[in-house]
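Everything numeric in this text was worked out from a predicted model, so none of it was measured. Sequential numbering from 1 along the given sequence is applied to the chain's residues. We count ligands from 1, going down the list as the structure has it; atoms in each ligand are counted the same way.
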Amino acid sequence: MQFEKICVLGLGYIGLPTASTIANQGVQVIGVDVNPVIVDTLRNGGLHLHEPGLRTLVQAALASGKLTINDKPENADAFIIAVPTPFYGNKQADMRAVKSAAEAIVPYIQTGNLVILESTSPPRTTLDIVAPILAKSGLKPGEDFYLAYSPERVLPGQILRELIDNARVIGGINKESAEAGKALYAIFSRGEIIMTDSTTAEMVKLMENTYRDVNIAVANEFSRLAQRFGIDVWEAIAIANRHPRVKILQPGPGVGGHCISVDPWFLVEAAPDITPLIHTARKVNDSQPQVVVDLIQRVAKELKGCRVTLLGLSYKPDVDDIRESPALEVVSILAEAGTLVTVYEPFKKAVDLAENVILAPSLEDAIRNTDVIVLLVAHTQFLELEASYLADHTRCRLLVDTVNGWRAPEWTSTGFKIYRLGVGKQA
Ligand code: SAJ
């Protein structure tokens, strides 16, 4: 199958890099987003998200004239849907964006076209939700046009490299659709392209992230056990991981991001009677911010009125993404308890936080007048902080490290008292 023009719906963390990468291969791409702020920002040469290398990639695509930005689709050879699939408060998948993207394609789809869904979705979404919507065009899915599911599996922070190098899964609603999908990704993918059916491809994606969530949950539970039994979980994990068949992940303040903290719920929602382990893992990880707050309370003695500085707000190191970040939960539990919270997040200039929470413009401002400093996110710039620098900029000597980011001996010899998550014995 030949692709002269491709329409990418959704210009977020996945859609924008994908659209730009394809355009940079010389194919005409229409990038579509329903958010006028995103459309305007991109058209004016700006960027609405932070991802290493993305600015250069997008600018090259726009400058070449191969990428154009629009607020609605147009006729094309292929349509890629890369819109968000969040969940509602009750943990049910919110499929409105997928449905409206599919609806938006209906007037433009033509015989011989290919439609690919990339958004992470509950099992059978391609068959039971997307196919019937597209069939409103009068064309038959799988017969008159190809339809496939291909999950994005790139790691935020590494998106541009992984987009090209990772193995790709293409699940077609029939073999011809999988073949058409393979031809599309062959435009830019250097990884292996594996063909299967659409529901298997949906499950593969959910299984990958659920597997990781469950494994992080066990690491978090180990950190609680370590605390209780007076050992250092980080030391114990490092030793256990020398076993050739053991690879325990890292405990921390919880699991955030738009993927791992969301996707397992799609399986729990789809089959609650047979997913007790997946459900419990989610609850363990979601309760980890409370474990962090309990640790802060032990250090601060009294949360009410105590000045606490939190370093980092994003869901993981060196990204600006705060979606589902456990750090936000730590902020709100502390603020609720009457703690005077100051946050410093180097990747964010503005964040909507509770009224009494201060977002400091710089590290110096954040630490100047505080009682406890808490390392919540292992941003490189925090890990590189020297104990002597901190000692010179604050009178606070109480540190809480939730990510094993600071080597205790260096800090204690400079006069700090350091409390680490998952460490029941003090340095
Ligand atoms: N985390 C831990 N301990 C660990 C590893 C991670 O607490 O040992 C936490 C992180 O701090 C973060 C969360 O888990 O809050 C998720 O971070 P992550 O780096 O594990 O994953 P994501 O959400 O950035 O990206 C994942 C990836 N999936 C897998 O590694 C199986 C990525 O490949 C997917 O494309 C992405 O989800 C997605 O879009 O689904």
Should the proximity of Ile216 to ligand 1, defined as any heavy atom under 4.0 Å, be assigned to the side chain, the backbone, both, or neither?
side chain

We want to know whether Asp213 and Thr210 form a side-chain donor-acceptor pair, criterion being a heavy-atom distance below 3.5 angstrom.
no

May I ask which of Gln288, Arg153, Lys205 has a heavy atom nearer to atom 40 (O) of ligand 1 than the others do?
Lys205

Residue and atom name of the nearest protein heavy atom (relative to atom 15 (O) of ligand 1), distance in Å to one decimal:
Tyr315 O, 2.7 Å

side-chain hydrogen bond (donor to acceptor under 3.5 Å, both in side chains) test vs Arg420 passes for just one of Asn404, Thr402, Asp401, namely Asn404

Where the side chain of Glu269 meets the backbone of Ala93, is there a donor-acceptor pair that is under 3.5 Å apart?
yes

Which of the numbered atoms in ligand 1 are below 4.0 angstrom from a heavy atom of Glu208?
31 (C)

Is Pro251 near ligand 1, meaning one of its heavy atoms is under 4.0 Å from it?
no

Looking at atom 25 (O) of ligand 1, what's its closest protein heavy atom, distance included?
Leu155 CD1, 3.5 Å

Which is closest to atom 2 (C) of ligand 1 by heavy-atom distance: Met207, Arg323, Gln250?
Gln250

Is there a donor-acceptor contact under 3.5 Å from the side chain of Thr339 to the main chain of Val341?
no

Verify whether one side chain among Thr126 and Ser198 offers a donor that lies under 3.5 Å from an acceptor in the other.
no

Ligand 1 atoms nearer than 4.0 angstrom to some heavy atom of Val255 are 13 (C), 14 (O), 15 (O)

Taking 4.0 angstrom as the limit, do Glu179 and Lys175 come out as a salt bridge?
yes

Closest approach of Ser150 and Ile170, non-hydrogen atoms and distance?
OG-CD1, 3.6 Å

Closest to atom 16 (C) of ligand 1 among Gly257, Gly256, Ala378 (heavy-atom distance):
Gly256

Taking 4.0 angstrom as the limit and counting only heavy atoms of Leu249, give me the atoms of ligand 1 inside it, by number and element.
8 (O)

With atoms numbered from 1 as shown, which atoms in ligand 1 lie under 4.0 angstrom from a non-hydrogen atom of Pro156?
24 (O), 25 (O)

Using a 4.0 Å heavy-atom cut-off, say whether Glu162 meets ligand 1 through its side chain, its backbone, both or neither.
neither

Residue pair Tyr344 / Ala366: nearest heavy atoms and the distance that separates them:
CB-CB, 3.6 Å

Does Arg96 pair with Glu103 as a salt bridge, N-O distance under 4.0 Å?
no

Location of contacts on Arg212 toward ligand 1, heavy atoms closer than 4.0 Å:
side chain

Per atom 37 (O) of ligand 1, closest listed option by heavy atom (Ser261, Gly157, Cys259, Ala217)
Cys259

Does Ile260 reach ligand 1, in the sense of a heavy atom lying below 4.0 Å from it?
yes

Taking only Lys NZ, Arg NE, NH1 and NH2, and the carboxylate oxygens of Asp or Glu, determine whether Arg307 and Asp371 approach each other closer than 4.0 Å.
yes

Numbering the atoms of ligand 1 from 1, which are under 4.0 Å from a heavy atom of Gly254?
7 (O), 15 (O)

Could you tell me the residue and atom name of the protein heavy atom closest to atom 31 (C) of ligand 1, and the distance to it rounded to 0.1 Å?
Asn209 OD1, 3.2 Å

Which residue holds the protein heavy atom closest to atom 32 (C) of ligand 1, what is that atom called, and what is the gap in Å?
Val154 O, 3.5 Å

Looking only at side-chain N and O atoms, does Tyr315 offer a donor or acceptor that is under 3.5 Å from a partner on Asp321?
no

Answer with yes or no after comparing the ring centroid distance for His258 and Tyr13 against a 6.0 Å cut-off, counting only values under it.
no

Who's the nearest protein heavy-atom neighbour of atom 19 (O) of ligand 1, and how far?
Lys316 NZ, 3.0 Å

